[in-house]
There are 2 protein chains.
Amino acid sequence: MTGPDIPPTPRLPAPLPEPGAARTNLPLAPIDEPPQLRADAARNRTLLLDAASRLLTGCGAADLTMESVAAAAGVGKGTVFRRFGDRAGLLLALLDHREKQLQAAFLSGPPPLGPDAPAAERLHAFGPAVLRHERDHHALILASRTDPLRNYAVPALRLRLNHLAMLLRQTKVPGDPELLAHTLLASVDTALVHHLTTERGMDPEHLEEAWHHLVNRLGATV
Amino acid sequence: MTGPDIPPTPRLPAPLPEPGAARTNLPLAPIDEPPQLRADAARNRTLLLDAASRLLTGCGAADLTMESVAAAAGVGKGTVFRRFGDRAGLLLALLDHREKQLQAAFLSGPPPLGPDAPAAERLHAFGPAVLRHERDHHALILASRTDPLRNYAVPALRLRLNHLAMLLRQTKVPGDPELLAHTLLASVDTALVHHLTTERGMDPEHLEEAWHHLVNRLGATV
DNA sequence: ACTTTAAACGGACCACGGTCCGCTTGACCC
DNA sequence: GGGTCAAGCGGACCGTGGTCCGTTTAAAGT
């Protein structure tokens, strides 16, 4: 309900979208408006994020308490909640920084992931990239997911979704692109991958193959 | 970690599987061993489940507290936790009763869902059946999901998965049946469906179409 | 510099999930 | 019936996420 990293208190009216801009009904995630914090607030924000990732190296994500983060950053507990809304919000903020690298790779990086490769290739490359990224950060990702609905409001994940849907459109895959994008993303979901590799002993490589198989089956052309 | 509806305390060694039984590495879910509670425990169990579903009609699942359930059933709070392990366990137990109907439908019900229909038809019928079931109980289901890994340990969901994988094998769908079953199930996941229908205004009927499209694309034959 | 105001702060406070442990009781055997 | 003992019970207790509200302070205007 309360946005991540956004004050839970009433906001000024959100800046209206450009009237001339081509409005798809899919909200475009890249435009990120850092709501320009007050100087002390900004300072405390980075203080908190630093403290959190420092603590994180010393213990599992599950043991990270809001109070300990506040104490380690030398601020009050209320400040943490004011800044990040809730525990998941803090975890998501930590993740966000790392996610930026992945975003750069598929938005503006080199082929086959970036824009200079044909769409079908980008589609094939996307799954493995996500798989690697999620494997690296699975602990944090899993810890950040308490509300199953929350995902759909996380900007980074919406961006992935829109990007995938775009590639599906470009490759003329038949069927609803948004729905298929959800399905494809679900096939490399962190929780699923973690389950399959740790509980069922599945080879990560096998998962990449499965992604390619799925993309081919869905019928990417062009 | 602690099994749902199973004492968290150390157990006697689990009954060994029949030595001759054909062992697939997929644990078969249908065999359910109700660990035969003591008389008072069984009585309290139903008392608690009754109390919970009674309270549930008077408020949202989010407002159901363990203490209130215990009080409404006239037992101590510790008893609730002993029986169901944790909050999710209680919610899952409530769900389980309703899930039994769905299970009966696809395990032994009439065609096209039941065993008297050809596998491809059962495959097509499965998605809509799950969609309906999850729509009816979405509030409880969403409330029961706090740990994203928990799903893979829920017997009812493992049963769905194995059933789907079996149908995929019977219809000679190319690719890893277990993986494809996960993907198919994800495409009708409660959280996703709830998001699409409430936030994005998607027609439930459209989701059924998408299921059929997906199954066809995957290439079910026979 | 002085005023004003909304944002930010902090820590006391609350509710709920989950644990612990001493006591009780049902089930099984003799 | 009597004895044994693990299963069950209950509620005090604890830690943590999240809220509240009186106080402080950055920033923009005059």
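The chains referred to below are lettered A, B, ... by the order of the sequence lines, with proteins before strands, and numbering in each begins at 1. Atom set for the values below is all heavy atoms of this structure, side chains included, hydrogens, waters and symmetry mates excluded.
What you find for A/F84 and A/L90 is that their closest heavy atoms are CB-N, 3.6 Å. The two residues B/R145 and B/L157 make their nearest non-hydrogen contact at NH2-CD1, 4.2 Å.
One atom, CG of A/D147, and another, C1' of D/dG17, lie 15 Å apart when rounded to the nearest Å. Between the CG atom of B/L47 and the P atom of D/dG10 there is a distance of 10 Å, given to the nearest Å. In this structure, CD of A/E67 is placed 11 Å from C1' of D/dG18, rounded to the nearest angstrom.
The side chain of A/F81 lies closest to D/dT19, out of C/dC9, C/dG17, D/dT19. Distances from the side chain of A/A41 to the nucleotides C/dA8, C/dG17, C/dG11 place C/dA8 closest. Residue A/V75 has its side chain nearest to C/dG10 when only D/dG18, D/dG11, C/dG10 are considered.
The residue from A/L180, A/L184, A/V188 that alone fulfils the side-chain contact (heavy atoms from CB on, under 4.5 Å) condition with A/L214 is A/L184.
Remark: A/T79 is in phosphate contact with C/dG10, judged by side-chain N or O atoms under 4.0 Å from OP1 or OP2. Phosphate contact (OP1/OP2 of C/dA8, side-chain N/O of A/R82, threshold under 4.0 Å): present. At the phosphate of D/dC9, OP1 or OP2 sits under 4.0 Å from a side-chain N or O atom of B/R83. For D/dT16, the OP1/OP2 oxygens have no side-chain nitrogen or oxygen of A/T65 closer than 4.0 Å. OP1 or OP2 of D/dC9 sits under 4.0 Å from a side-chain N or O of B/N44.
Rounding to the nearest 0.5 Å gives a distance of 9.0 Å between OG1 of B/T190 and NE2 of B/H133. A distance of 11.0 Å separates CD in B/E199 from OH in A/Y152, rounded to the nearest 0.5 Å.
No engagement by A/L90 is indicated, since no non-hydrogen atom pair under 4.0 Å with the nucleic acid exists.
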Got a list of protein N/O to nucleotides 27-30 of chain D N/O distances below 3.5 Å?
residue, atom, partner, partner atom, Å
D/dA27, OP1, A/A39, N, 3.0

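Take the nearest nucleotide of DNA chain C for B/R43 and for B/K77: the residue whose nucleotide is more 5' is B/K77.
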